[in-house]
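Contents: one structure, followed by commentary.
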Amino acid sequence: MDEESLEEWARRREERRARARGKLRAVPLGPGRGAHVDPQSPRVIEEYDGTQWVAVGIVADLAAAKAVLYPLQPAPERPTEWDRPPLAPGRGRHRRTAPAEDGSAETS
């Protein structure tokens with residue numbers, strides 16, 4: 001079996017710690033560790049600094065903790081109508097025809 005060198009292991013460990021650095025989590029201050037147990041209990045917000053979790057703040061409940069951990073992202077801007085390429089002339093294979101064009105519309 002091939003064993004990796006200590007240098008390889010240390011490099012992988014440091015890469016893993018660097019990816020996790022700055023990650024946030026919310027820990028309930030009441031009894032139990034699950035978020036579903038007591039959603040109204042206060043939570044401490046912790047940040048991983050590469051070796052340990054450090055407390056950075058306290059929030060009132062689960063909803064406030066989620067607002068800190070998962071901030072709203074701005075909605076992607078939709079292109080305006082003139083940014084889209086124009087349709088080619090003709091009816092096209094998958095285009096719907098207007099009732100006046102297909103001749104099946106009945107007039108009363």
Side-chain angles (χ1 to χ4, degrees):
M1 183 165 102
D2 293 334
E3 291 189 20
E4 68 179 330
S5 66
L6 184 59
E7 292 80 20
E8 273 296 308
W9 174 83
R11 182 190 56 76
R12 280 190 313 107
R13 178 176 177 235
E14 190 55 38
E15 286 175 357
R16 187 183 72 243
R17 284 185 170 184
R19 282 192 310 268
R21 208 168 275 132
K23 193 176 262 190
L24 296 174
R25 73 177 181 184
V27 179
L29 292 176
R33 298 285 285 181
H36 65 284
V37 175
D38 188 14
Q40 286 76 29
S41 70
R43 273 128 168 91
V44 62
I45 304 296
E46 296 179 337
E47 181 179 12
Y48 191 67
D49 69 356
T51 56
Q52 63 184 356
W53 290 95
V54 180
V56 294
I58 296 179
V59 293
D61 57 5
L62 179 61
K66 285 184 176 182
V68 171
L69 296 178
Y70 313 109
L72 291 177
Q73 300 295 324
E77 197 171 309
R78 298 186 74 147
T80 57
E81 193 64 36
W82 56 269
D83 285 341
R84 296 181 190 165
L87 294 175
R91 289 178 39 165
R93 182 173 173 190
H94 298 287
R95 292 191 194 163
R96 283 189 144 168
T97 58
E101 290 179 12
D102 66 7
S104 64
E106 295 180 24
T107 57
S108 29

Approximate separation, where rounding is to 0.5 Å, of Arg43 CZ and Asp61 CG = 7.5 Å
ask   = Among the clusters formed by ILVMFWY side chains lying less than 4.5 Å apart, do Val56 and Val59 turn up in the same one?
value = yes
Listed partners of Gln52 passing side-chain contact (heavy atoms from CB on, under 4.5 Å), at least two apart = Asp49, Val54
ask   = Which other residues belong to the hydrophobic cluster containing Trp53, where Ile, Leu, Val, Met, Phe, Trp and Tyr are joined when side-chain heavy atoms lie under 4.5 Å apart, directly or via other members?
value = Tyr48
ask   = Does Leu6 have any side-chain contact (heavy atoms from CB on, under 4.5 Å) partners at least two apart in sequence or in another chain, and if so, which?
value = Trp9
request  = State, with a plain yes or no, whether a side-chain heavy atom of Glu15 is found less than 4.5 Å away from one of Arg11.
outcome  = yes
task = Output the distance between atom CD (Glu14) and atom CZ (Arg19), rounded to the nearest 0.5 Å.
result = 11.0 Å
note = Value for CD (Glu47) from CZ (Arg21), rounded to nearest 0.5 Å, stands at 10.5 Å
key: SB check Glu8 Arg12 (cutoff 4.0 Å)   = no
query = Minimum heavy-atom separation for Ile45 to Leu24, with atom names?
reply = CG2-CD2, 4.2 Å
inquiry  = To the closest 0.5 Å, what do you measure between CG (Leu69) and NZ (Lys23)?
reply    = 11.5 Å
